[in-house]
Each structure stands twice: as structure tokens, then as C-alpha cells.
Amino acid sequence: MKNLSFLILIFAFSLSAQNSIEQDITNIEEKLIDWRHHFHQNPELSNREFKTAEKIAEHLKSLGLEVETGIAKTGVVALLKGNQPGKVVALRADIDALPVTERNDLSFKSEVRTTFLNTETGVMHACGHDTHISILMATAEVLSKHKDKIKGTIKFIFQPAEEGPPPGEEGGAKLMIKEGVLDNPKVDAIFGLHINSQTPVGTIKYKTGGIMASVERFVINVKGKQTHGSQPWSGVDPILISAKIIDGLQTIISREAKLTDEAAVITVGKITAGTRFNIIPESTEMIGTVRTLDPKMRTMIETRMKEMVETLAKAYGGEATITFQNNTSITFNDPDLTAKVLPSLQAVAGEENVQLMKATTGGEDFSYFQEVVPGVYFFLGGMTPGATEVYPHHTPDFKIDDSGMLLGVKAFTQLTLDYLNN
């Protein structure tokens, strides 16, 4: 009888603690939305997120956390130490905006202008990073009120330059890792989320293994022999060779890549060649991207691209070289860790609202964190249910429903406490 009474007491205490956390999450929604509107109105580009970082740091310091600024140029990291020893878990939010001119009629629309790569443009949180910042700030506030329930340490990582640093600069997750963000204390696991404009509010989507693709940038330089446009036989046409190369590259995807295993994409996005209508130029340059979700497939595709570029150019009398630049690795959700946190996500969203998704060929530099420590990355619904107009990320009309953010706070809070305490 005494044992039963004790168990009832423990259960009542746990229920009371859970209700207290849930109430704190509910109470923070107004702040959460205000923060999001502020960041949306005041976006900053990669490696230039100075005021964004200042506001983040100010909030984290007000919570009594150990705060470090200037990591990877403008990154902010804060530590929350629980009252009991344990593991270290990291939560990450990206903080940069894009060179996109907003076309929405929102009351908090961005009017910021800048010059990016010698072109005047607007600046917009056209990928939802403003919501990520706000969700993590809110999560930090909620968890800071419940140190007595935390076994271990939580590291809040606000990362700059997820969209890529400016040319000639380092930045993003790679630089944060280089500067020791996953050390002192050493992180045991990391979690990240991305809001999605095409997923209904209240929904979470996840996938074990590769959830987002590796992103490779490639440059192909073709050398021919310049001649008059009226006498192609007296030269070597690099434009013709480029056309053959583009056509050939697509056969790697359509005839050599085992697409029943994972998706893959080769895209040539830019071609530069020539000066006049009646001159066959000496050279061309092509720039594009390769997206893969499997390391072996990635190696195979890069090998075949190199072989094809060189061979086709030679077959038509020219020369060609190809170089690759890795922008992100495969965003790979650790299978064991994914299985462990899935019940936590289902607990806050409802089992029917946590849905298994197919991989996307978009890229994320969160992948670099996952190469060092086990990590899980998931998608959060940001689309108003029943919406008739839905705009993709990185577009001037991109929109997110504010009501989708609170589930992100719940998810981060639940999976963090469950991971540390169980």
C-alpha cells in the first residue's frame, strides 16, 4: 500500500511538472510571434547578421545563460546547465536571410535593400530562418525555467551563413565546427528543424537516413579554337561541345544512376560564351549543381562526369576540365537516434501528424554537424491549412503561418528533455 502511494505521488509530481512546461510554452507564443516579425522586418545576409546576433545574445543573457558571441563571425552559442549531470545535447537554428525582394503585403514585410554581388536587391527571410531563430529563443526561455528537470547540458547554436558565405569568405556550419562549437563541452547529439511553407501547420515530417541531398557546385571549362562564324570547319566550336556535354551528363542520371535507391540530379544553371553573333568563340564556361542522397552514388556520378566531360570534348576536337566544390554533405538522420526521438515528436504533435516523408534534393549545411555527432533533422508545418496559394522557399511571395511555430517549441523542448532524462 505504501509503495502504491509512493508511485501515485511520483506520477502526480511528473504530471504537474509536465503541465508547468506546457503552460510556459503556451504563454510564450505572443513573444515568439513578436520576435519572428522583428527578424522578418530586419533581415541580414550571410556573415552580416550583426543586429540579428545582438538581439539573440541579449535575450539569452537575460535568461542567465552562458553566452558566447562572434563564433564563425556572427554566430551565437549559449549553454544551459541542468541541476543534474548528464549528456550534452545541441539545438541549432540558422539566422541568415536571402537576397530576395519581398512581394508580400504583410504588415511586417521587409523593406531592407542592399547590394549583393554588385546588384541592388531586397533582403528577405525567404526560407523561414526568422521562424527558426524565434523558435530556438523561445525554447531556451522555456527550458531555462526548468533546470531542475534537466540532467545534463543544452547547447543552443544560432548559426550564420546557412545559405552560404559570400565569395572568398568562410562561414556556416563548417566554420562553427572548425572553431569548436561541438566541443567544450563535447556534444553527444544535435537536433535541427526547418519550417516548410508547403506542409500544413500542426504537421511534422521526418525520414531516417538521408533526408536532404549533398550539394556540389561544378564548373566546366571548354576550350576550342576561335574562328569566323561563316567558316566553322576552320575552328573548334566550344558551344557545340558544351551542348554535347550537357546532353551527355543527363544520361548519367537517366541511364546509370540507380534511381530506385535514391534520387539524383545534375543541373547546368549557367553558360557563358562568345561576344558576337558571327564569331565562334575560343572557350565556354558552364556552372551547375549535382544533388545526391547516397555517398556511393555521389562518387560514381562525379567520376562519370569527369570522364564524360574530358572524353566528349576530345571527341569533337577540343579540351575540357571539370572542378567540384562541396557546398553541403548529405543531411543524414542517424537511424538509432531517429527511432529514439520519434516518440517525443509523436507525443507533442499526435501520431497521425508525424509523417514519414521522401527525401528532398534541397541541401542543408546542418549535414556537417551530423558528420561529427549523431543528429536528427525534421520539417515543421508552416502552411495555413486549406490555403489556396502556396509559395515555395526562396521566392518573393514565400509565406509562413505564425501559428505553426509553437509546435516547433514543443518539439524541441520535448525531445531535448526526453533525450537527456531517458
Report task. Evaluate the criterion side chain to side chain donor-acceptor pair (under 3.5 Å) for residue pair Ser329 and Glu371; output intermediate values, then yes/no. Result -> CA-CA 8 Å; Ser329 294; Glu371 288 184 330; 2.7 Å; yes
CG of Asn333 to CZ of Phe191, rounded to nearest 0.5 Å, is 10.0 Å
(message) Other residues, nucleotides and ligands only: do more than 12 of their heavy atoms fall within 6.0 Å of CD on Glu351?
(response) no
Does Asp130 offer a backbone N or O that forms a donor-acceptor pair with the side chain of Ser134 under 3.5 Å? yes
- Query: If you measure from the Lys or Arg side-chain nitrogens to the Asp or Glu carboxylate oxygens, is any gap between Lys61 and Glu66 under 4.0 Å?
  - Reply: no
Donor-acceptor pair, distance only, cut-off 3.5 Å: does the side chain of Lys155 make one with the backbone of Pro185? yes
Whether Asp365 and Lys174 form a salt bridge (side-chain N of Lys/Arg under 4.0 Å from carboxylate O of Asp/Glu) is what I want to check.
no
- Query: Does CD belonging to Glu352 count more than 12 external heavy atoms closer than 6.0 Å?
  - Reply: yes
4.5 Å side-chain heavy-atom contact, Ile190 and Val89:
no
Task: N/O donor-acceptor pair under 3.5 Å between Lys244 side chain and Asp247 backbone - done: no
* Asked: How far apart are the C-alpha atoms of Ile322 and Asn221, what are their side-chain angles, what is the distance that settles it, and do they pass the side chain to side chain contact (heavy atoms under 4.5 Å, CB included) test?
  -> CA-CA 7 Å; Ile322 182 169; Asn221 287 293; over 6 Å; no
Using a strict cut-off of less than 4.0 Å between a Lys/Arg side-chain nitrogen and an Asp/Glu carboxylate oxygen, indicate whether Lys186 and Asp188 qualify as a salt bridge. no
Is it true that Lys410 and Glu22 have a side-chain N and a carboxylate O under 4.0 angstrom from each other? no
- After noting the C-alpha distance and the side-chain angles of Ile95 and Gln159, does the key distance pass the side chain to side chain contact (heavy atoms under 4.5 Å, CB included) rule? CA-CA 6 Å; Ile95 68 175; Gln159 180 211 306; over 6 Å; no
Exercise for review: Show your working on side chain to side chain contact (heavy atoms under 4.5 Å, CB included) between Glu179 and Val181 and close with a plain yes or no.
Suggested key: CA-CA 6 Å; Glu179 295 185 4; Val181 74; over 6 Å; no
One pair to check against side chain to side chain contact (heavy atoms under 4.5 Å, CB included): Val219 and Met286. What are the steps and the verdict?
CA-CA 6 Å; Val219 179; Met286 294 180 280; over 6 Å; no
| task | State whether Lys306 and Glu302 are salt-bridged, where the test is any N-O pair (Lys NZ or Arg NE/NH1/NH2 against Asp/Glu carboxylate O) under 4.0 Å. | result | no
Q) Stepwise, does the salt bridge (Lys or Arg N to Asp or Glu O under 4.0 Å) test hold for Arg48 with Glu169? A) CA-CA 12 Å; Arg48 304 292 184 270; Glu169 296 184 21; 2.6 Å; yes
Report task. Would you sort out whether Asp24 and His146 count as a side chain to side chain donor-acceptor pair (under 3.5 Å), showing the intermediate values? Result -> CA-CA 10 Å; Asp24 286 336; His146 298 277; 2.6 Å; yes
ask   = Where the side chain of Thr328 meets the backbone of Val215, is there a donor-acceptor pair that is under 3.5 Å apart?
value = yes
Classify the angle between the aromatic ring planes of His125 and His40 as parallel (below 30°), tilted (30 to 60°) or perpendicular (above 60°).
tilted
*Is atom NZ of Lys109 surrounded by more than 12 heavy atoms (other residues, nucleotides or ligands) closer than 6.0 Å?*
yes
For Glu54, is the CD atom crowded, meaning more than 12 foreign heavy atoms sit under 6.0 Å from it? no
Notebook entry, point to check: Just by distance, do the side chain of Thr331 and the backbone of Ile211 share a donor-acceptor pair under 3.5 Å?
Noted result: no
Pairwise side-chain contact, Leu293 with Met212, heavy-atom cut-off 4.5 Å (strictly under): no
*Got Ile56 and Met137 here, is their nearest side-chain heavy-atom distance under 4.5 Å?*
yes
Describe, in one word, how the ring planes of Phe366 and Tyr377 are oriented to each other, choosing from parallel (under 30°), tilted (30 to 60°) and perpendicular (over 60°). tilted
Margin query: Counting C-beta onward and ignoring hydrogens, is there a side-chain heavy-atom pair between Ser110 and Gln41 closer than 4.5 Å?
Written below: no
Closest non-hydrogen atoms of Ile204 and Ala411, given as atom of the first, atom of the second and distance, are CD1-CB, 4.2 Å
Open item on the list: Between Lys225 and Glu282, does any side-chain N to carboxylate O distance fall below 4.0 Å?
Closed with: no
- How about Leu345 and Gln414: do any of their side-chain heavy atoms sit closer than 4.5 Å? no
All heavy atoms of Gly171 vs all of Pro165, minimum pair found to be N-CG, 3.8 Å
Here the pair of heavy atoms bringing Gly122 nearest to Arg113 is N-NH1, 3.3 Å
To the nearest 0.5 Å, atom CD of Glu163 lies from atom CG of Asn327 at 11.0 Å
Can you tell me if Ser367 uses its side chain to pair, donor with acceptor, with the backbone of Gly363 under 3.5 Å? no
Distance col, row Phe379:CZ vs Ile195:CD1, nearest 0.5 angstrom, shows 11.5 Å
Of all heavy-atom pairs linking Leu60 and Ala78, the shortest is CD1-CB, 3.7 Å
Could you check whether any side-chain heavy atom of Glu44 comes within less than 4.5 Å of a side-chain heavy atom of Val123, counting everything from C-beta outward?
no
- Query: Should we count OH of Tyr316 as having more than 12 external heavy atoms under 6.0 Å?
  - Reply: no
Tightest non-hydrogen contact, residues Val222 and Ser242, listed as CG2-OG, 3.8 Å
- So, the side chain of Asp401 versus the backbone of Ser403: is there a donor-acceptor pair under 3.5 Å, distance only? yes
Polar contact flag, side-chain donor to acceptor under 3.5 angstrom, Gln370-Tyr368: no
- Query: Would Lys55 and Glu58 pass as an ion pair if we require N to O under 4.0 Å?
  - Reply: no
key: Under 3.5 Å donor-acceptor, Glu49 side chain and Ala161 backbone   = yes
Between the OG1 atom in Thr395 and the CE atom in Met124, the distance rounded to the nearest 0.5 Å is 6.5 Å
Practice prompt. Determine whether Leu79 and Phe156 make a side-chain contact, defined as any pair of heavy atoms from C-beta on separated by less than 4.5 Å.
Written response: no
Between the OH atom in Tyr419 and the CD1 atom in Ile154, the distance rounded to the nearest 0.5 Å is 12.0 Å
Discussion item. Using a strict threshold of under 4.0 Å (side-chain N to carboxylate O), is an ion pair present between Glu216 and Arg298?
Written reply: yes
- Query: In terms of the angle between their ring planes, are Phe398 and His393 parallel, tilted or perpendicular, with boundaries placed at 30° and 60°?
  - Reply: tilted
Chi angles and distances behind the side chain to side chain donor-acceptor pair (under 3.5 Å) call for Arg291, Thr289
CA-CA 7 Å; Arg291 307 292 173 108; Thr289 185; 3.0 Å; yes
Check whether Asn421 reaches the backbone of Lys151 with its side chain - one donor and one acceptor, N or O, closer than 3.5 Å. yes
A side-chain contact here means heavy atoms from C-beta on lying under 4.5 Å apart; do Asp34 and Leu32 qualify?
no
One should read off an interatomic distance between Thr338 OG1 and Phe378 CZ, to the nearest 0.5 angstrom, of 11.0 Å
Exercise for the section: For the pair Asn104 (side chain) and Leu106 (backbone), establish whether a donor and an acceptor sit closer than 3.5 Å, ignoring hydrogens and angles. Expected result: no
